[in-house]
Undergrad: 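I'd like to ask some things about the structure below.
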There are 2 protein chains.
Amino acid sequence: MKLSTRARYSLRLMVEIARRSDGGAPVSLAQAARGGDLPRRYLEQLVIGLKSADLLRGVSGKDGGYYLARPAAEIRVGDILEAAMGPLRIVDCVEDPRECLRADFCQCRQVYALINRRIREVLNEFTLEDLARKGGLQRGMERLEGKAAVGKGSGGTAPRGRSGRTVQGEETR
Amino acid sequence: MKLSTRARYSLRLMVEIARRSDGGAPVSLAQAARGGDLPRRYLEQLVIGLKSADLLRGVSGKDGGYYLARPAAEIRVGDILEAAMGPLRIVDCVEDPRECLRADFCQCRQVYALINRRIREVLNEFTLEDLARKGGLQRGMERLEGKAAVGKGSGGTAPRGRSGRTVQGEETR
DNA sequence: GATAACTCCTACTACAATAATCGGAGTTAG
DNA sequence: CTAACTCCGATTATTGTAGTAGGAGTTATC
Ligand code: FES
Ligand code: FES
């Protein structure tokens with residue numbers, strides 16, 4: 001369920017580029033890496049996916065870099081995550097029943113489809129502009145009043161401990 | 001973004017047990033494995049998580065097996081997935097800001113938190129009963145009328161192809 | 001009390017994905 | 001012509017995933 005660093009870095013990279021591209025000049029990966037505290041060499045990889053998804057355009061040569069292919073307000077978080085991670089499908093059979101032999105019997109498929117759709121909905125609700133804006137979110141904030149502690153008992157037992165928590169002080173970036 | 005087989009099998013296993021535990025007798029993994037076309041030896045692993053999350057109870061010895069720790073209607077899909085995959089957190093910092101050094105600056109955290117919450121919401125909307133019922137879903141079906149094809153252009157380009165599709169005819173189970 | 005059918009527990013293994021790093025070729029402004 | 005970039009293709013270490021294996025302990029049945 002965890003988002004890969006690939007996905008997180010991609011998102012952060014896009015934010016970094018969005019915030020720095022006021023002056024019209026393209027943003028270099030070196031800048032973005034410094035500002036976002038990201039490994040520059042790795043960003044070079046990630047940018048490939050973002051370019052081929054037509055979210056970024058590259059400019060070669062000195063003073064080169066990347067700029068957004070369209071305005072931040074028109075780039076949805078889902079677009080970025082999809083570019084980074086591949087199709088936003090929780091299981092393949094939701095879209096193509098032929099992926100599963102047992103698709104006719106399987107009770108899970110309908111639920112998977114519903115879940116998948118809802119995930120795509122949230123992901124497309126926010127745009128890069130929401131993230132790049134300095135003052136934090138505006139839209140969607142009203143939905144946060146409930147604070148944390150969602151599912152009642154579900155957060156308690158912590159089953160299948162999974163590799164322990166991150167070392168204290170380490171950065172998820 | 002794909003659900004691990006671990007998660008999918010766990011869910012299917014639970015469905016299989018739910019559907020077969022009418023007669024009060026516990027359901028053996030051999031039965032469930034046969035019925036669900038799942039590798040029995042692997043289920044033995046998965047069942048550990050489901051037990052320690054107190055979703056299943058085991059009965060040793062001949063004619064032994066597993067039964068639901070509570071009625072299917074009180075077991076949410078999210079409970080099962082959480083037992084199988086660990087805490088339903090898309091990033092660690094949503095619940096504990098100390099996980100990220102940059103949590104104060106990071107624009108993404110709020111969005112992550114929102115997304116995370118929504119995912120938990122869907123997952124807790126459906127119960128094992130919904131899945132075990134023979135006739136497919138009832139609740140939630142009304143939300144399906146829109147059919148597939150959600151995000152407009154987002155499904156088209158298929159960025160970062162990711163290991164090609166499953167071999168035709170293979171089963172995701 | 002043997003035996004068959006189970007759970008339960010602890011490895012172990014093969015493979016794939018993730019998170020990088022590296023060296024260098026090509027491009028462009030000054 | 002050089003500094004600062006993008007662009008391209010490999011290579012690597014580490015982790016996670018999916019699954020197998022062997023056997024000890026438990027319980028109903030004959
Ligand atoms: S998981 Fe694909 S049909 Fe059940
Ligand atoms: S991802 Fe944790 S604070 Fe940004």
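Hydrogens, waters and symmetry mates are skipped; everything else that's a heavy atom, side chains included, is used. Here is how names work: the chains are called A, B, and so on, in the same order as the sequence lines, proteins then strands, and each is numbered from 1.
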Undergrad: Take the protein atom CD1 of B:Ile17 and the nucleotide atom P of C:dT7, then report the distance between them rounded to whole Å.
TA: 9 Å
Undergrad: According to the ring-ring contact (aromatic ring centres under 6.0 Å, His included) rule, which pairs have a member within residues 24-48 of chain A, sequence neighbours left out?
TA: A:Tyr9-A:Tyr42
Undergrad: Per the end-axis method with five pairs at each terminus, what is the bend angle of the helix from C:dG1-D:dC30 to C:dG30-D:dC1, to 10°?
TA: 10°
Undergrad: Say whether, by atom type as modelled, one donor and one acceptor occur between the side chain of A:Asp79 and the main chain of A:Arg76 under 3.5 angstrom.
TA: yes
Undergrad: Charged N to carboxylate O under 4.0 angstrom, A:Glu95 versus A:Arg120?
TA: yes
Undergrad: Reckon B:Tyr66 has a side-chain N or O less than 4.0 Å from the OP1 or OP2 of C:dC8?
TA: yes
Undergrad: Under 3.5 Å between N/O atoms: give me all the protein pairs with nucleotides 21-25 of chain D, atom names plus distance.
TA:
| residue | atom | partner | partner atom | Å |
| --- | --- | --- | --- | --- |
| D:dG22 | N7 | B:Arg41 | NH2 | 2.8 |
| D:dG22 | O6 | B:Arg41 | NH2 | 2.5 |
| D:dG23 | O6 | B:Arg41 | NH2 | 3.3 |

Undergrad: Are A:Met14 and A:Leu56 packed together at the side-chain level, in the sense that at least one heavy-atom pair is separated by less than 4.5 angstrom?
TA: yes
Undergrad: Can you tell me the distance, in whole Å, between the NZ atom of A:Lys2 and the C1' atom of D:dT15?
TA: 14 Å
Undergrad: Side chain of A:Asn124, backbone of A:Glu121: donor and acceptor closer than 3.5 Å?
TA: no
Undergrad: Test question: given the 4.5 Å side-chain rule for I, L, V, M, F, W and Y, name all other residues clustered with B:Phe105, or answer none.
TA: none
Undergrad: If only side-chain N and O atoms of A:Tyr9 are considered, is one of them under 4.0 Å from the OP1 or OP2 phosphate oxygen of C:dA20?
TA: yes
Undergrad: Side-chain N or O of A:Lys51 versus OP1/OP2 of D:dC7: is the shortest distance under 4.0 Å?
TA: yes
Undergrad: Whole angstrom is fine here: how far is it from CG in B:Leu50 over to C1' in C:dC8?
TA: 15 Å
Undergrad: Compare side-chain N and O positions of B:Thr5 against OP1 and OP2 of D:dA18 and report whether any pair is under 4.0 Å apart.
TA: yes
Undergrad: What integer distance in Å separates A:Leu43:CG from C:dA20:C1'?
TA: 11 Å
Undergrad: In whole Å, I'd like the distance from the OH atom of A:Tyr42 to the P atom of C:dA20.
TA: 6 Å
Undergrad: I'd like to know if B:Asp54 pairs up with B:Lys51 as an ion pair, taking the criterion as any Lys NZ or Arg NE/NH1/NH2 lying under 4.0 Å from an Asp or Glu carboxylate oxygen.
TA: no
Undergrad: Grab the CE-C1' distance between B:Met85 and D:dT17 for me, whole Å please.
TA: 14 Å
Undergrad: Mapping A:Ala7 and B:Val27 onto DNA chain C by nearest heavy atom, which one lands closer to the 5' end?
TA: B:Val27
Undergrad: Check every strand shown and say whether A:Val47 touches a base, only sugar-phosphate, or nothing at a heavy-atom separation below 4.0 Å.
TA: nothing
Undergrad: B:Ile48 CD1 to C:dT7 C1': how many Å, rounded?
TA: 11 Å
Undergrad: From C:dA5, C:dA19, D:dC5, pick the nucleotide closest to the side chain of B:Lys62?
TA: C:dA5
Undergrad: Donor-acceptor check, side chain of B:Asn116 to backbone of B:Ile90, threshold 3.5 angstrom: yes or no?
TA: yes
Undergrad: Could you list the donor-acceptor pairs under 3.5 angstrom formed between side-chain atoms of residues 59-71 of chain B and any protein atom two or more places apart in sequence or on another chain?
TA:
| residue | atom | partner | partner atom | Å |
| --- | --- | --- | --- | --- |
| B:Arg70 | NH1 | B:Glu74 | O | 2.7 |

Undergrad: When the distance from CG of A:Leu38 to P of C:dT21 is rounded to whole Å, what number comes out?
TA: 12 Å
Undergrad: Heavy atoms under 4.0 Å, any strand shown: does A:Leu29 hit a base, just sugar-phosphate, or nothing?
TA: sugar-phosphate
Undergrad: Tell me every residue that passes side-chain contact (heavy atoms from CB on, under 4.5 Å) with A:Ala25, counting only those two or more places apart in sequence or in another chain.
TA: none
